[in-house]
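First comes the structure, then the notes that go with it.
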There are 2 protein chains.
Amino acid sequence: MREQEILDAALQVFSKRGYRAAVVDEIAELAGISKPMVYLYLGSKEGLFIACVRRESARMVAAFREAADAGGAPEGRLWAGLAAFFRHVAEHRDSWVVLHRQAPEQGEAIAHELTAARRSVMAEVTGLISTGIADAGGQVRLGADDADFVAHALVGAADSLTDWMERHPEESPEATTARLMNVMWVGMRNVLAGEIWVPPAD
Amino acid sequence: MREQEILDAALQVFSKRGYRAAVVDEIAELAGISKPMVYLYLGSKEGLFIACVRRESARMVAAFREAADAGGAPEGRLWAGLAAFFRHVAEHRDSWVVLHRQAPEQGEAIAHELTAARRSVMAEVTGLISTGIADAGGQVRLGADDADFVAHALVGAADSLTDWMERHPEESPEATTARLMNVMWVGMRNVLAGEIWVPPAD
DNA sequence: TAGTAAACTTACTGAAGAGTAAGATGAGAA
DNA sequence: TTCTCATCTTACTCTTCAGTAAGTTTACTA
């Protein structure tokens, strides 16, 4: 479909240059059409960007949730979801960059859309963590804040690790996930079991 | 000094709007002068941005290293450095945003400068982790890749956690650091001690 | 083969904004 | 008071680019 082709092109250009520096003519050319077609289908540059964000956000959440749902038990769900998340971020860098590397103030509508998109990704991760913790924690219970904290840490780590992955192409997304789970999940389990780290005295 | 005032203004505007959407007139007005003054002092918009990146990068590394050097033993260094890093990112959000939330392709010189700045921050963290691991790991030794992996994860987590901190103003940067150390450092110690997490079988 | 609607393009308009030329202001010297 | 140097501004130029008006091609119908 024509609209999807335009969004494919837009994704590339927006992720490479950012919203403001992206030029509609370049997007049109990449989609193999002329500029007025872009305006016919998407209305404006802003509309184009927002459509792009919506689609990539939906794709991301879908990939993520689908994998988690196939994961079985809570710990398996967390693993499967996180692995899917990594795979998605690694294989669709453009999506991730468009959603997460835009300057904060490009206008009301855009800011709103980006906030919503980021929140929906974060909500998925938080959900997975929450059930994972409930499963692994035994009698200890962590609050919603803690799940949210870990979700932020994980998502941020995943973002930054895409750079690391670029320099380690031999490492699969699954292997990267396993590395991260080794550190964070083992840490969480032990913290839940009562092994508390305290800052050394000055 | 006049040049520093211009850079202060530029930092605000660049971090709010991104390089491309930032308008030199706005920077000038914020600095209380007119546009030609900006060009007199910094030469061009690109030069202004690069000077801005250089200064913030240097400040960041300085805050970071200074705190670490006052930290004593390796684990204390890691704690002190990381806490300083968090404090800096939380209190100087603008610096962090200018260095880390720019679209990738804004021109050769800018890309080069940003890469260098990011690398120097990452190198500090990696160094701290390496000596921390060597200290805590006993007979087990992790490779340079592993320290780099953990450094990426930590820096990414810190970035993302600045959002979390905004929604939890009651939590100090030190407390946030302690939370993160609880998960990641406890995890690392246990992993180093041989507690390996494996993905559940499908 | 003429008619016509859909899909598309060329070539423009208008605004925004980087960069600058030319001159204004003001402080200090003679 | 008049000269001169440094500091600073007003008022432009010129380019880039979002958005559009007017027309052209294509494909299908009758």
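Letters A, B, ... mirror the listed sequences (proteins, then strands); counts begin at 1.
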In whole angstroms, the gap separating C1' of D:dA18 from CD of A:Q106 amounts to 15 Å
Under a 4.0 Å heavy-atom criterion, the protein footprint on nucleotides 7-14 of chain D, written with B, S and -, is -BBB----
Q. So, the side chain of B:Q106 versus the backbone of A:R17: is there a donor-acceptor pair under 3.5 Å, distance only?
A. yes
A:F49 atom CZ is separated from D:dA18 atom P, nearest whole Å, by 14 Å
Quick one: does A:H168's side chain have a donor or acceptor within less than 3.5 Å of a partner on A:W164's backbone? yes
Separation of C:dA16 atom C1' from B:K45 atom NZ, nearest Å, is 11 Å
Atom CG of B:L48 and atom C1' of C:dA18 are separated, to the nearest Å, by 12 Å
| said: Would you call the rings of B:W79 and A:W197 parallel, tilted or perpendicular, taking 30° and 60° as the class edges? | reply: tilted
Q) Would you say the side-chain atoms of A:E174 pair up with the backbone N or O of A:A83, donor to acceptor, closer than 3.5 Å? A) no
Distances for protein N/O vs nucleotides 25-27 of chain C N/O pairs under 3.5 angstrom?
none

Under a 3.5 Å distance rule, please check whether B:S160 uses its side chain to pair with a backbone N or O of B:A157 as donor and acceptor. no
With B:I27 as partner, the option from B:L42, B:V13, B:L11, B:I33 fulfilling side chain to side chain contact (heavy atoms under 4.5 Å, CB included) is B:V13
Cation-pi between B:K45 and B:Y19: NZ/CZ under 6.0 Å from ring centre and within 45° of the ring axis? yes
- [ ] Check whether the side chains of A:T131 and A:R77 place a donor and an acceptor atom closer than 3.5 Å, and report yes or no.
- [x] no
(request) May I ask you to check whether B:H92 and B:W96 place their ring centres under 6.0 Å from each other? (result) no
Smallest heavy-atom separation, B:L48 atom then B:A10 atom, equals CD1-CB, 3.7 Å
Residues in residues 16-30 of chain A with a heavy atom under 4.0 Å of DNA chain C, by number, are A:R20
